[in-house]
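These notes concern the structure reproduced below.
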Amino acid sequence: MDKLIIGLGNPEEKYAKTKHNIGKEFLDFLSNNSLNQQGNWKKISKLPAEIKTKNKLGLVKLSAYMNQSGPAIKQLLNYYKLLPERILVIHDDTDLIFGKVKFTHQSLAAGHHGIESIIRAIGSNQFARIRIGVRPENSEQKAEALVLRKITKKEEQIIEQVSFPKALDLTNQWLES
């Protein structure tokens, strides 16, 4: 494996279609719309994740909870013998409104507990991230309450028509680098 794209979220079904699981949701979009990686996600017994592979690229949905992503990613890096620079982490960002997407590299966690866990576990921030906005415009709701809410129909349209295509472009740029 040369590169991994990791979508953050929570493993239980009750978290499906919540803002916190947007990283995992993006992997389904990516798999079906760009990389042509059809088929099922495969559970690898030694790893805390479900994975789809094509050529030397792996798409990874962690089976760890968001705030405990770090040890799972450290295990993946060790298993595939990869440096942090070879991973792209996709996650929600409550500092960005719906429709906004940002690519960052070597950045701090900025209060995102999943990213804090990763930096702490692997001892590095030398990985790329795509941050997908999940804050409704003019919302003053606390991040903890916001991310566990289900995505509305209107928000889903913005995600599918704006956010995910932007994230796809950024992902393709990262893959070509």
Side-chain angles (χ1 to χ4, degrees), residues 3-42 49-55 57-67 69 73 87-107 109-115 118 127-177:
K3 289 185 173 184
L4 297 176
I5 300 174
I6 302 166
L8 298 188
N10 287 317
E12 291 181 58
E13 186 60 33
K14 69 181 180 180
Y15 297 110
K17 299 291 183 187
T18 63
K19 295 165 179 73
H20 226 16
N21 271 27
I22 204 161
K24 286 183 174 186
E25 301 287 337
F26 175 71
L27 289 185
D28 289 328
F29 177 87
L30 178 65
S31 172
N32 295 329
N33 292 294
S34 178
L35 300 178
N36 198 22
Q37 289 181 301
Q38 305 298 327
N40 295 324
W41 292 88
K42 294 182 175 78
E50 294 179 312
I51 299 176
K52 279 189 178 185
T53 59
K54 183 175 183 180
N55 301 327
L57 173 66
L59 303 183
V60 180
K61 290 182 181 180
L62 297 179
S63 54
Y65 284 91
M66 171 73 78
N67 296 349
S69 300
I73 289 179
I87 65 171
L88 173 63
V89 178
I90 317 289
H91 65 89
D92 63 303
D93 192 319
T94 59
D95 290 335
L96 301 174
I97 63 168
F98 275 99
K100 298 290 182 189
V101 177
K102 286 194 174 183
F103 178 88
T104 58
H105 187 260
Q106 302 177 8
S107 59
H112 192 285
H113 298 307
I115 298 300
I118 295 167
F127 56 93
R129 296 164 41 196
I130 293 179
R131 302 163 36 211
I132 299 175
V134 295
R135 178 171 293 285
E137 213 162 338
N138 302 320
S139 172
E140 294 181 21
Q141 202 170 20
K142 296 253 185 234
E144 295 81 21
L146 180 68
V147 296
L148 296 178
R149 292 208 162 177
K150 295 285 186 185
I151 295 169
T152 67
K153 291 283 186 199
K154 181 181 177 186
E155 292 167 341
E156 189 172 3
Q157 284 181 321
I158 295 168
I159 291 167
E160 290 177 1
Q161 295 172 7
V162 180
S163 301
F164 281 0
K166 286 180 182 178
L168 178 60
D169 288 343
L170 294 169
T171 299
N172 287 331
Q173 290 173 33
W174 179 79
L175 286 169
E176 293 169 5
S177 65

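None of these values were measured; they are calculated from a predicted model.
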Open item on the list: Applying ring pair (Phe, Tyr, Trp, His ring centres under 6.0 Å), can you list everything that pairs with His20, at least two apart in sequence or on another chain?
Closed with: none
Task: Spacing of Ile118 atom CD1 and His112 atom NE2 [to the nearest 0.5 Å] - done: 8.0 Å
Open item on the list: Looking at Lys24 and Leu62, would you say the former's side chain and the latter's main chain have a donor-acceptor pair under 3.5 Å?
Closed with: yes
- [ ] Check whether any side-chain N or O of Arg135 sits under 3.5 Å from a backbone N or O of Thr94 as a donor-acceptor pair, and report yes or no.
- [x] yes
Task: By side-chain contact (heavy atoms from CB on, under 4.5 Å) - contacts of Ile51 (at least two apart) - done: Ile44, Leu47, Ala49, Thr53, Val60, Leu76, Tyr80
- [ ] First locate atom CG of Asp92, then atom CG of Asp95, and finally report the distance between them rounded to the nearest 0.5 Å.
- [x] 10.5 Å
TODO: Could I get the full list of side chain to side chain donor-acceptor pair (under 3.5 Å) partners for Gln173, not counting sequence neighbours?
DONE: none
- [ ] Starting at CD1 of Ile97, measure out to CD of Glu137 and round the result to the nearest 0.5 Å.
- [x] 4.0 Å
Open item on the list: Distance check, rounded to the nearest 0.5 Å: His91 atom NE2 versus Asn21 atom CG?
Closed with: 14.0 Å
Task: Residue pairs involving residues 134-154 (criterion ring-ring contact (aromatic ring centres under 6.0 Å, His included); sequence neighbours excluded) - done: none
TODO: Would you check if the side chain of Thr171 reaches a backbone N or O of Ala167 as a donor-acceptor pair within less than 3.5 Å?
DONE: yes
TODO: Please name all residues satisfying salt bridge (charged side-chain N to carboxylate O under 4.0 Å, His left out) with Lys17, sequence neighbours left out, ordered by chain then number.
DONE: Glu25
TODO: Tell me, please, which residues at least two apart from Asp28 pass salt bridge (charged side-chain N to carboxylate O under 4.0 Å, His left out).
DONE: Lys61
- [ ] Could you pull out the closest heavy-atom pair between Val162 and Pro165, with the gap in Å?
- [x] O-CD, 3.4 Å
Open item on the list: I'd like to know whether Val89 forms a side chain to side chain contact (heavy atoms under 4.5 Å, CB included) with Phe127, so could you lay out the CA-CA distance, the side-chain angles of the two residues, the decisive distance to 0.1 Å, and finally the verdict.
Closed with: CA-CA 8 Å; Val89 178; Phe127 56 93; 3.8 Å; yes
TODO: For Arg129, check salt bridge (charged side-chain N to carboxylate O under 4.0 Å, His left out) against everything at least two apart and list the hits.
DONE: none
TODO: Working to the nearest 0.5 Å, report the span between CD1 of Ile130 and CD1 of Ile90.
DONE: 4.0 Å
TODO: Any pair with a residue in residues 160-173 that passes salt bridge (charged side-chain N to carboxylate O under 4.0 Å, His left out), sequence neighbours left out, goes on the list, sorted by first then second residue, please.
DONE: none
Open item on the list: Using side-chain heavy atoms (C-beta onward) and a distance below 4.5 Å, is Lys3 in contact with Ser177?
Closed with: yes
Task: Closest non-hydrogen atom pair between Asn67 and Gly114, with its separation - done: OD1-N, 3.8 Å
- [ ] Consider only side-chain N and O atoms of Thr18 and Lys150, and report whether a donor and an acceptor are under 3.5 Å apart.
- [x] no
Task: Residues forming a side-chain contact (heavy atoms from CB on, under 4.5 Å) with Leu96, sequence neighbours excluded - done: Asp93, Lys100, Lys102, Arg131
Task: Residues in salt bridge (charged side-chain N to carboxylate O under 4.0 Å, His left out) contact with Glu155, at least two apart in sequence or another chain - done: Lys19
Open item on the list: For residues 150-177, which residue pairs pass the ring-ring contact (aromatic ring centres under 6.0 Å, His included) check, not counting sequence neighbours?
Closed with: Phe26-Phe164, Phe29-Phe164
Expected list for residues 4-13: side-chain donor-acceptor pairs under 3.5 angstrom, two or more places apart:
unit_1 : atom_1 : unit_2 : atom_2 : d
Asn10  : OD1    : Met66  : N      : 2.8
Glu12  : OE2    : Tyr65  : OH     : 2.2

